[in-house]
There are 2 protein chains.
Amino acid sequence: MAGIKEIAKITGLSLATVSRVFNESHLVSPKTREKVLRAAEELDYQPNIMAAALRSGKSKILGVIVPEVNNFFFSGIINGIEKIVSDSGYNIIISQSHESQEKENEALNSFLKLKVEGILISISKETTDFSLVQKILDSKVPVIFFDRVPNLEHINSVTLDDHRGAILATEHLIDQGCRNLVHIAGDPKVSIFDKRRKGFIDAILKSRHKNIKYSIIELNADVQNDIGILQKTFDANSNIDGVFAFGDEIGLHALNLLKTLDVSVPEQVKLIAFGNADFTNLTEPKISTIDQECSQMGELAANLAIKNLQDKNINPQTKVLLPRLIVRDSTS
Amino acid sequence: MAGIKEIAKITGLSLATVSRVFNESHLVSPKTREKVLRAAEELDYQPNIMAAALRSGKSKILGVIVPEVNNFFFSGIINGIEKIVSDSGYNIIISQSHESQEKENEALNSFLKLKVEGILISISKETTDFSLVQKILDSKVPVIFFDRVPNLEHINSVTLDDHRGAILATEHLIDQGCRNLVHIAGDPKVSIFDKRRKGFIDAILKSRHKNIKYSIIELNADVQNDIGILQKTFDANSNIDGVFAFGDEIGLHALNLLKTLDVSVPEQVKLIAFGNADFTNLTEPKISTIDQECSQMGELAANLAIKNLQDKNINPQTKVLLPRLIVRDSTS
DNA sequence: ATGAAAGCGCTAACAA
DNA sequence: TTGTTAGCGCTTTCAT
């Protein structure tokens, strides 16, 4: 595998000229450029990124950290990032925190050693200590936070309006005629789940229909226990006709429980979930849900990162994406 | 962020000695080592991997290519790889081929530019031209193939015994009393799908029960069309009592179709799939399936890679993992 | 056990 | 438009 030295030798040009062809090739005459390119082709030249990085101080690498890669949401984001970054000359390297602060920090340190030029990260559920992140921010390596954002000042972030998403879902149920709603809620300590719960309530309070009843329950994907909870909820209010689940997995779980209880969806009860995971399209009936625009989130985050690389003095930006209602068979 | 130069200055030692502490530290007196380590701590020393890589020719990076990261199987493999590699001093970088030969080659080229020391790859469904892979093999960069393996001589590979997995699944259906089987088959051009198809047939041929009927169909997750195919298959043989799907997604799809046709699972028809994706545990009924030992596959592949890095003249190895039958509600 | 010095492949002043 | 040259931060012979 040849380097620019061989090309220089073959073409009779200097190292600098050859280098320029691959960088600021406008400073080189077309004829020379041609010659170099041909030689490069012939010798199967592969630029040595390490050497370029060392010399220029630019690694051309962006680091991405997500809690888990096996997750339609995060992998969708990664795809969005790839889409933007792919033809920018940057490479991306992906690490998983597995929801562990320790692994997250390991990944960040490993990024620093690799001299990544920018970091895109969705922080783990467990992370409470942001000192390393703060240190990186101070060191002027651009950091873009997405979805799960720490409570820090002056940071770049791309998030989804979860409150708005819950309102969309709840209003949709109401529009479909539901007047006795149940929200299957997530752990309120996770801020996005709490926002979805609030959105559910706010949508009902703000509705022009004043006769809407609702209750809020928590399920745990434990069939025996959950079926009891659901049964009890239905016993307490036999007219329940709409369910909004805070996530797709739990929505599918609820759908299965409803079938077990011989409740037909959507005829007797309409069901909507949150996330637009791929399997919501594979169930019977297909589950209505809220799309999180994950690809767009990745694209925005990547664009922000690239902007920050181009202009070091840019002000931190906060982008909030609007979720999208996906109507499928479970509500219509 | 300090370098070894600063450490050398502070400690009054030479660059060489400091460098040795971080590499072959046994060649350094304990006292000196202590001093260097303390100074490193104090200065928050971060080794510059780029520089080390450039000089030593060792990047300490392994490249991993999978078709898709949002896939229970491949992300399980990645986790297995991470587990082994994490405390070996190597970094891993992950790329997705999205089942495209072009993207796969882009990823490989980008790995070569980054001077990765080894490559772990599961080739895309679309890949038919192995010239780049062959070129890499010739260049002595170790390549470990896993799961989807090209038909080349003398390569390192870790695969699952798909034929055996299909036999396990089919025998399980027969053991449960099924005598009229249907196999939902995948594209036979993908060798693992073809092996599953053959395993299905072989299990029936080798069974001590001589009265087993079977048919083989293909579905495409297109509800309208697939329901017709399934209906026709049932019409042709109304006694169908067992279905073996080549994958979990299509198995779930079939489960839904069966429900639509008012066929109860497992009472009338028993259903088993292949893959042990997480959602097979979330359906109603839960789907019996074949586990692919993905984490173990990743671990074996990573170990093979590391072995190849340590000893360049090692002979290529072929590891075949045994799949595991997971019995759930859909067959019992 | 430690040090001096060369150089990995490339970029970027500066010079021509 | 092209060439000369001095490093980027580290590893690694070869001395000592």
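Below, read A as the first sequence line, B as the second, and so on, with proteins coming before strands; counting in each chain starts at 1.
- Put simply, CZ on Arg55(B) is 9 Å from P on dT11(D), counting in whole angstrom units.
- By the 4.5 Å heavy-atom criterion applied to side chains, Ile121(B) and Glu104(B) are counted as neighbours.
- Between the Glu126(B) side chain and the Gln101(B) main chain, a donor and an acceptor come within less than 3.5 Å of each other.
- Ser86(B) places a side-chain N or O within 3.5 Å of a backbone atom of Glu82(B) that can act as its donor or acceptor partner.
- Between atom CD1 of residue Ile7(B) and atom CG of residue Leu13(B) there is a gap of 10.0 Å, rounded to the nearest 0.5 Å.
- At a cut-off of 3.5 Å, with distance as the only test, no side-chain donor of Ser100(B) or Ser97(B) sits close to an acceptor on the other residue.
- For Thr32(A), whose side chain is taken as the heavy atoms from C-beta onward, the closest listed nucleotide among dC8(D), dC10(D), dT2(D) is dT2(D).
- Contact check of residues 3-24 of chain A against DNA chain D (heavy atom, cut-off under 4.0 Å) returns Gly12(A), Leu13(A), Ser14(A), Ala16(A), Thr17(A), Arg20(A).
- Listed nucleotides: dT12(D), dG9(D), dT11(C). Nearest to the side chain of Leu54(B): dG9(D).
- In this structure, the CD1 atom of Ile49(A) is 16 Å from the C1' atom of dC8(C), given to the nearest Å.
- A sub-4.0 Å separation between OP1 or OP2 of dC10(C) and a side-chain N or O of Ser56(A) is absent.
- No side-chain donor from either of Glu106(A) and Ser110(A) sits under 3.5 Å from a side-chain acceptor of the other.
- Looking at Lys83(A) and Glu299(A), a side-chain N of the basic residue comes within less than 4.0 Å of a carboxylate O on the acidic one, giving a salt bridge.
- Rounded to an integer number of Å, the gap from NZ of Lys58(B) to C1' of dG7(C) is 17 Å.
- In terms of position on DNA chain C, the residue among Ala51(B) and Val28(B) whose nearest nucleotide sits closer to the 5' end is Val28(B).
- In this model, the phosphate group of dG9(C) is not approached by any side-chain N or O of Tyr45(A) to a distance below 4.0 Å at OP1 or OP2.
- One interatomic measurement links the two molecules: CG of Leu27(A) to P of dC14(C), which rounds to 16 Å at whole-angstrom precision.
- Gln46(A) places its CD atom 11 Å from the P atom of dC10(C), with the value rounded to the nearest Å.
- With dG9(C), dT11(C), dT12(D) as the choices, the nucleotide that has an atom nearest any side-chain atom of Asn48(A) turns out to be dG9(C).
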